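The structure presented is a predicted model; accordingly, all values stated were derived computationally and were not measured. Position 1 is the first residue of the sequence; numbering continues from there.
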Amino acid sequence: MASSLHYRTLTKGDMGQMHRSFVEAFSNYQVNMKMSREAFEDRMLYKLNINFDLSPAVFSGDKLVGFIFQTINEYEGQLAAYNGGTGVIPGYLGQGLTTKLYDFITPQLKAEGVKKCVLEVLTDNDQAIKAYTRSGFDKTKTFQCLMLKDGFLKSSFDNSISVKEVREFTIEEYLALGDINPSMLDQLTQVKYHLAKETILECRNADEIEGYIIFQPKNGRITQLAVDNKHRRNGVGTALVSRAHLLSESKTMSVLNIESKHEGIISFFENLGFTKDLKQFEMQKILVDV
């Protein structure tokens, strides 16, 4: 079987196969990853902003049996390749295809100036962690995910706090508010690709921004929340989350990948009724020593 396998990078014309193989590869995953073709394309083209030329795939004949979907962006001051999905379909597991896919694409990544590869993996997914470790990855962070499982916020908010929806933001202004570094997929430079499906709410006093929230109203997914340090514990964060909850179709909201060391923001969400859910490791593979 292995002798019939061949490797190449993906193209937009592979989208149908990508969707079918993604669903098949994640059919027994701990988290429900089933999604329609439309939702899959939205995630690939906009949320991930997939770079087809740097996304490796392995085929058996014409069938896509393994893949790594990647985007390229700045992360922690370096050009990085973010793995937005690795999968191998049943029947082709146990052949070391993840390592072989990285071996195949690494020379191209280096040629494009990529300094490191980044991914996230569930902390209890021992098989995947071992595969990534064999591919040269090391654990770099632990992320906590939280969910508002019952759909009800515990805290009410001060109606005198003005919350307004905006369609654009200035990256530099938003970066000045936050002291928490989001995961790579939720970086502001990455969020811009998915703005059509995100809603942005701000609290401002005159021309001074006090805080903002970016979220996806369709599924209640909070992408970013930041409040200026001098306005914290004044109800700004609660007002932003409460308005986002009101505007969300899904009331079982979620916030993913808060680094576990940031206990303050985790406690903030818990006080609103969110509960700790899945945990993930961030793993990185350094391609060029700097």
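Judged purely by distance below 3.5 Å, without hydrogens or angles, the side chains of Ser248 and Ser250 never pair a donor atom with an acceptor atom. In summary, the side chains of Asn73 and Gln187 do not present any donor paired with an acceptor at a separation below 3.5 Å, with no hydrogens or angles considered. A donor and an acceptor atom, one from each side chain of Glu282 and Gln280, are nowhere located under 3.5 Å apart. A donor-acceptor pair shorter than 3.5 Å cannot be found between the side chains of Ser183 and Tyr82. Side-chain N/O atoms of Lys197 and Gln216 include no donor and acceptor closer than 3.5 Å. Between the side chains of Glu198 and Gln224, no donor-acceptor pair of N or O atoms lies under 3.5 Å.
A salt bridge links Glu173 with Arg204; the closest basic N to acidic carboxylate O contact falls under 4.0 Å. Using a 4.0 Å cut-off between charged side-chain N and carboxylate O, Asp14 and Arg20 make no salt bridge. The existence of a salt bridge linking Asp277 and Lys149 is confirmed by a sub-4.0 Å separation between a basic side-chain nitrogen and an acidic carboxylate oxygen. Looking at Asp186 and Arg221, a side-chain N of the basic residue comes within less than 4.0 Å of a carboxylate O on the acidic one, giving a salt bridge. A salt bridge links Glu208 to Lys230: one of the charged nitrogens lies within less than 4.0 Å of a carboxylate oxygen. A salt bridge links Glu249 and Lys218; the closest N-O separation between the charged side-chain nitrogens and carboxylate oxygens is under 4.0 Å. Looking at Glu76 and Lys141, a side-chain N of the basic residue comes within less than 4.0 Å of a carboxylate O on the acidic one, giving a salt bridge.
By the 4.5 Å heavy-atom criterion applied to side chains, Leu153 and Val241 are counted as neighbours. Residues Cys145 and Val255 have side chains not in contact (no heavy-atom distance under 4.5 Å, counting atoms from C-beta outward). Inter-residue side-chain proximity for Ile213 and Thr223 is flagged as unmet; no heavy-atom pair is nearer than 4.5 Å. Between Val23 and Met35 the shortest side-chain heavy-atom distance does not fall below 4.5 Å. Residues Phe269 and Leu148 are not in side-chain contact: their nearest non-hydrogen atoms beyond the backbone lie 4.5 Å or more apart. Within the 4.5 Å cutoff, side-chain heavy atoms of Pro90 are placed close to those of Glu24. Counting heavy atoms from C-beta on, the side chains of Thr9 and Gln108 come closer than 4.5 Å. Here the side chains of Leu175 and Leu188 are in contact, with some heavy-atom distance below 4.5 Å.
Scanning both residues, Ile89 and Ser21, for their nearest heavy atoms gives CG2-O, 3.8 Å. Residues Met184 and Glu120 share a closest heavy-atom pair of N-OE2, 4.3 Å. The two residues Tyr92 and Ser60 come nearest to each other via the heavy atoms OH-OG, 3.3 Å. For the residue pair Leu48 and Gly84, the shortest heavy atom distance occurs at CD1-CA, 3.9 Å. Annotation for Ser260 and Ile266: closest pair O-CD1, 3.9 Å, computed over non-hydrogen atoms. Counting all heavy atoms, side chain and backbone alike, Tyr75 lies closest to Ala80 at CB-CB, 4.1 Å.
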| request: Apply the test salt bridge (charged side-chain N to carboxylate O under 4.0 Å, His left out) to residues Glu202 and Arg243: give CA-CA distance (whole Å), side-chain angles for both, the deciding distance (0.1 Å), then the verdict. | output: CA-CA 10 Å; Glu202 291 182 349; Arg243 181 63 63 84; over 6 Å; no

| request: Carefully, step by step, assess Val65 and Val88 under the rule side chain to side chain contact (heavy atoms under 4.5 Å, CB included). | output: CA-CA 6 Å; Val65 300; Val88 176; 5.8 Å; no

| query | Going through the distances and angles, do Glu259 and Asn181 end up as a side chain to side chain donor-acceptor pair (under 3.5 Å)? | reply | CA-CA 8 Å; Glu259 198 170 352; Asn181 188 32; over 6 Å; no

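Lys251 NZ: more than 12 foreign heavy atoms inside a 6.0 Å radius. By the 6.0 Å contact criterion, OH on Tyr46 is open, its count of non-hydrogen atoms from other residues, nucleotides or ligands being 12 or less. Residue Gln127 places its CD atom among 12 or fewer non-hydrogen atoms of other residues, nucleotides or ligands, all under 6.0 Å distant. Remark: Arg232 CZ is packed, more than 12 non-hydrogen atoms of other residues, nucleotides or ligands lying under 6.0 Å away.
Side-chain atoms of Asp150 come within 3.5 Å of backbone N or O of Phe152 as a donor-acceptor pair.
Both Phe59 and Ile50 belong to a common hydrophobic cluster when Ile, Leu, Val, Met, Phe, Trp and Tyr are linked at side-chain heavy-atom distances under 4.5 angstrom.
Residues forming a side chain to side chain donor-acceptor pair (under 3.5 Å) with Gln17 (at least two apart in sequence, or on another chain): none. Remark: Asp138 pairs with no residue by the salt bridge (charged side-chain N to carboxylate O under 4.0 Å, His left out) rule, at least two apart or across chains.
Aromatic ring centres of Phe22 and Phe40: separated by under 6.0 Å. Taking the six-membered ring for Trp and the full ring otherwise, Tyr102 and Phe104 have centroids separated by 6.0 Å or more.
Within the structure, every pair that satisfies the ring-ring contact (aromatic ring centres under 6.0 Å, His included) test and touches residues 203-233, not counting sequence neighbours, is listed here: Tyr174-Tyr212.
For the side-chain hydrogen bond (donor to acceptor under 3.5 Å, both in side chains) test with Ser135, the passing option among Asp103, Thr98, Thr106, Thr99 is Thr99; the others fail.
Ring geometry for Phe137 versus Tyr132: interplanar angle over 60°, hence perpendicular rather than tilted (30 to 60°).
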